[in-house]
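Just so you know, residue 1 is the first one in the sequence shown, and it goes up from there. Counting convention: from 1, in listed order, for ligands and their atoms alike.
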Amino acid sequence: MTLIATDASSFRLLPLRFMRLPEMHAQDVLITSETGEYLFVSDLQLQALVDKQIPPEMPLYKDLLARHFIYEPGRHDPMPEMAAQYRSRKDFLFQGPALHIFVVTLRCNHTCQYCQVSRAPMAGAGHDLSEADARAAVDRVFESNAQALTVEFQGGEPLLAFERIQQIVEWVEARNLVEQRNVQFVVTTTLHHLTDEILDFAKHHQIQFSTSLDGPAALHNANRPTPSRDSYERTLEGVRRVREHMGHDAVSALTTLTARSLESPRAIIDEYVKQGFTSIALRPLSPYGFATRSAQRLDYPMERFVAFYKEALAYLLEINQQGVYLSESYTTLLLRNVLTPFASGYVDLRSPTGAGTGALVYNYDGYVYPSDEARMLLEMGEDGLRLGTVHQPLGDLLRSPVMEVLLASGVAEALPGCSDCALVPYCGADPVEHFARQGDPIGHRALSSFCTKNLGLLQHLFTQLRDGDDDDQRVFLSWLNRRAYSDVHLAGYRG
Ligand code: SF4
């Protein structure tokens, strides 16, 4: 709910939103300001704030003033500070798309039941990005004014089209001699098709690898079947080779959670510790591609994911306090939104939407999509979210009718349900997901799994920030700053 008071007294209210946190506590109301600052208050304090009955000598008064919930007319103009804070939080709007995903092939050796991108048989023809389309896409990359660019290769299994990857990397690097951008290359791969030639090239061009590890062998192999039934072993062999050739941090991993995965949070985390990873991404299933066809067997209500997440986070806090460094990626993004003046930059958690404005996908067939999820809908027979082709200038793609629809439905602060939600400064709009799940890019938050997830996770994190002990806060800070837990001594930011 949003409050704006107008009557005259010593202080005035600035726009604020409030929400009751689920756990019982004396300060069970979370209030958030327009600029993303927050405070925990009691019912009585909230009432006193609305009634403007808070004496200036109270510590609460000073907190409210400092965090831009109130201001003192004639004595203090909060607008310049708030404008600067707002600009920092929405800084991503000043630059064009930074993430450029090249789908170099749809071919893959896996037959994952939840596959989110669909795939074509290993020898399938007509499923690779052509040279002409790849060259045009590189032109689109540099039409963005983003100084930091990430060029990511996806599939299918992108290493099956390694020659195209080589060409694209070389074209980008040649162009960048003039452009002087900060370019990062990433290949999202099973690592099953690594060769010495690929490793040499990756090392020379500082290409990062991102792979999938769903947990221990039995779980991973059940989720990610191959004809030889050894996906786990081959992925770990790939991890070992990358680390040996390029260093320990050249490969990261993420996990996709099926209904079966939700039974084993500790085993999945233990597997990541065992394999020496320093971060884990706990990702619920997406409603795209083959996942929908297998939904009855694999899918689950988002509430189950939230329960899994809480158990997993408690275990992660425990082991981090014992000296293991393993951060959870999505938690770290949310903490960045909550605890720093800056947005995480993560496309799904942007408002206005990051689809198209923050990321573009160049599909194997030469069409351009505003997000990976949008092109996955294509494999479900839905091609309505195309922006155009790689041969159209970036300006035309970003002015396309699809982008108009996404932007009109992609400002969370203006969406029904989100506009008066206290969590909106830290959340996103994600019109593509709402289109996929509800057939409407605006969507209905009461029935939205995107909302169930972010509401559940953010409420839990705020509860942890309020109730967790100093050791929990130290873990969060160590994740935010990528420092060892033992190097973080003071929390110092409690609300
Ligand atoms: S999606 Fe849900 S949690 Fe996020 S801002 Fe909207 S209503 Fe709040």
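Near atom 2 (Fe) of ligand 1, less than 2.8 Å away, sit the protein N, O or S atoms Cys451 SG.
The salt bridge (Lys or Arg N to Asp or Glu O under 4.0 Å) test with Glu413 singles out one residue from Lys90, Arg17, Arg89, and that residue is Lys90. For the side-chain hydrogen bond (donor to acceptor under 3.5 Å, both in side chains) with Asn320, the qualifying choice from Tyr325, Tyr315, Trp479 is Trp479, the only one to do so.
Thr188 and Glu152 form a side-chain donor-acceptor contact under 3.5 Å, judged by distance and modelled atom types alone. Side-chain N/O atoms of Arg283 and Thr256 include a donor and acceptor closer than 3.5 Å.
Between Asp43 and Arg20 a salt bridge is recorded (basic side-chain N to carboxylate O distance below 4.0 Å).
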Output a table of donor-acceptor pairs, distance under 3.5 Å, between side-chain atoms of residues 440-455 and any protein atom two or more places apart or on a different chain; print 'none' if there are none.
residue: Asp440; atom: OD1; partner: Ile442; partner atom: N; Å: 3.0
residue: Asp440; atom: OD2; partner: Gly443; partner atom: N; Å: 3.4
residue: Arg445; atom: NH1; partner: His434; partner atom: NE2; Å: 3.4
residue: Arg445; atom: NH1; partner: Ile442; partner atom: O; Å: 2.8
residue: Ser448; atom: OG; partner: His434; partner atom: NE2; Å: 2.8
residue: Ser448; atom: OG; partner: Phe450; partner atom: N; Å: 3.3
residue: Ser448; atom: OG; partner: Cys451; partner atom: N; Å: 2.9
residue: Ser449; atom: OG; partner: Glu433; partner atom: OE2; Å: 3.3
residue: Ser449; atom: OG; partner: Arg437; partner atom: NE; Å: 2.9
residue: Thr452; atom: OG1; partner: Ser448; partner atom: O; Å: 2.9
residue: Asn454; atom: OD1; partner: Tyr330; partner atom: OH; Å: 2.6
residue: Asn454; atom: ND2; partner: Phe450; partner atom: O; Å: 3.1

